[in-house]
There are 2 protein chains.
Amino acid sequence: MSSASDREQAEAHLRAAGLKVTVPRIAVLDAVTGHGHLDADAVHARVASDHPSVSLQSVYNVLGDLSAVGLLRRIAPAGSPALYESRIGDNHHHVVCTRCHAVEDIDCVIGEPPCLIPADTGGFAIHTAEVTFWGLCGDCRRAVADLERLAPADAG
Amino acid sequence: MSSASDREQAEAHLRAAGLKVTVPRIAVLDAVTGHGHLDADAVHARVASDHPSVSLQSVYNVLGDLSAVGLLRRIAPAGSPALYESRIGDNHHHVVCTRCHAVEDIDCVIGEPPCLIPADTGGFAIHTAEVTFWGLCGDCRRAVADLERLAPADAG
DNA sequence: CGGGTTGTTTTGAGTGATTCAAAACAACTG
DNA sequence: CAGTTGTTTTGAATCACTCAAAACAACCCG
């Protein structure tokens, strides 16, 4: 799913960030782009299918570097390993399923960050606000409903 | 700092949650209550000073149980081990220092959760919204300012 | 186009936080 | 007070990730 121009864009981004253009970096960018929220292992798996010689360590290095320069975004919901996504530059948030840890993007109802300015910053110089919603994804909702039909919580 | 009535309250809470009243549980509740945001090790250290026989594993068990029934709240900012706090029942949020990982409580400017209703829930049944602010705490702000005076980022 | 420098990647090992499992034990029930 | 059931302990194992040194490749320059 990667065209020549994708690759050229990736190269340009890397150079703009002062990073050398290397096989692992291009491969990681390509693996993450448009594939939702992937952990290091999943990225490695995708990368390895095209470039088996790229090590998991390199994937960790690259993911760290790319996140540091802003070419990827890293999220780390409680209970999940770090996840990486290519959707950057907007300030979207995430829903995480409390049951299966599936992650989806969420746009806040309020485009601008209004609730992202706290009443009292406690002496901190705040530069980022991160919102994580927790809930049940569609599949798990159905699964839970089925379970409760079989074993009701209370016999009212 | 724990009175007899504190202890009785703790016992009542445990019983109400259907949990047996045990030394480790009372000790953990006592250790966390009113002491900010503690990780499992810190809780264990506090517990151990009064009850040296309580193992770190038990502390993990107890913290997990108490969080599960809502007697403690667990937060897990990226890059930090899980932290536990006794302030429950209100929907406050947290600031985390990006440099030293210090954590403080934050009250949202908007008391009710308004931005906590996303535009499109992506099929999820959302039950919680968690806001984490990232920034520099006072100490780290000063430290960074000092560093930049010594080694300016650009020689403009 | 080829050599040198510097940044990257690989290899291999190590760590910290947390979880798992089984046996010893203690709290609550009657 | 004995039995049952839930907890805690002990000990080991796992997962995600980091560290360090050596091999290597990208880019700059002539």
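To find a chain, count down the sequence lines: A is the first, B the second, and so on, and within it residues start at 1. No experiment lies behind these values; they were computed from the predicted model shown.
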Pairing of Arg46(A) and Asp39(A) as salt bridge, 4.0 angstrom limit: no

Can we say Arg25(B) and Asp65(B) salt-bridge, meaning some charged N sits less than 4.0 Å from an Asp/Glu carboxylate O? yes

Could you give the [atom1]-to-[atom2] distance, from [X] to [N], as a whole number of Å?
X	N	atom1	atom2	result
Asn61(B)	dA21(C)	CG	C1'	12 Å
Leu29(A)	dT8(C)	CG	P	14 Å
Leu38(B)	dA17(C)	CG	C1'	16 Å

Could you check which residues of residues 13-26 of chain B get a heavy atom under 4.0 Å from DNA chain D? Sort them by number, please. Leu19(B), Lys20(B), Thr22(B), Pro24(B), Arg25(B)

Counting C-beta onward and ignoring hydrogens, is there a side-chain heavy-atom pair between His93(A) and Glu130(A) closer than 4.5 Å? no

Would you say the side-chain atoms of His51(A) pair up with the backbone N or O of Val47(A), donor to acceptor, closer than 3.5 Å? no

With no hydrogens and no angle check, is any side-chain donor or acceptor of Arg87(A) less than 3.5 Å from a backbone partner on Arg73(A)? no

Under 4.0 Å protein heavy-atom contacts per nucleotide of nucleotides 10-18 of chain D, with B for base, S for backbone only and - for none: BBB---SBB

Checking Val28(B), Leu29(B), Asp30(B) against Val32(B) for side chain to side chain contact (heavy atoms under 4.5 Å, CB included), the one that qualifies is Val28(B)

Taking the six-membered ring for Trp, are His37(A) and His35(A) closer than 6.0 Å centroid to centroid? no

Who are the ring pair (Phe, Tyr, Trp, His ring centres under 6.0 Å) partners of His44(A), not counting sequence neighbours? none

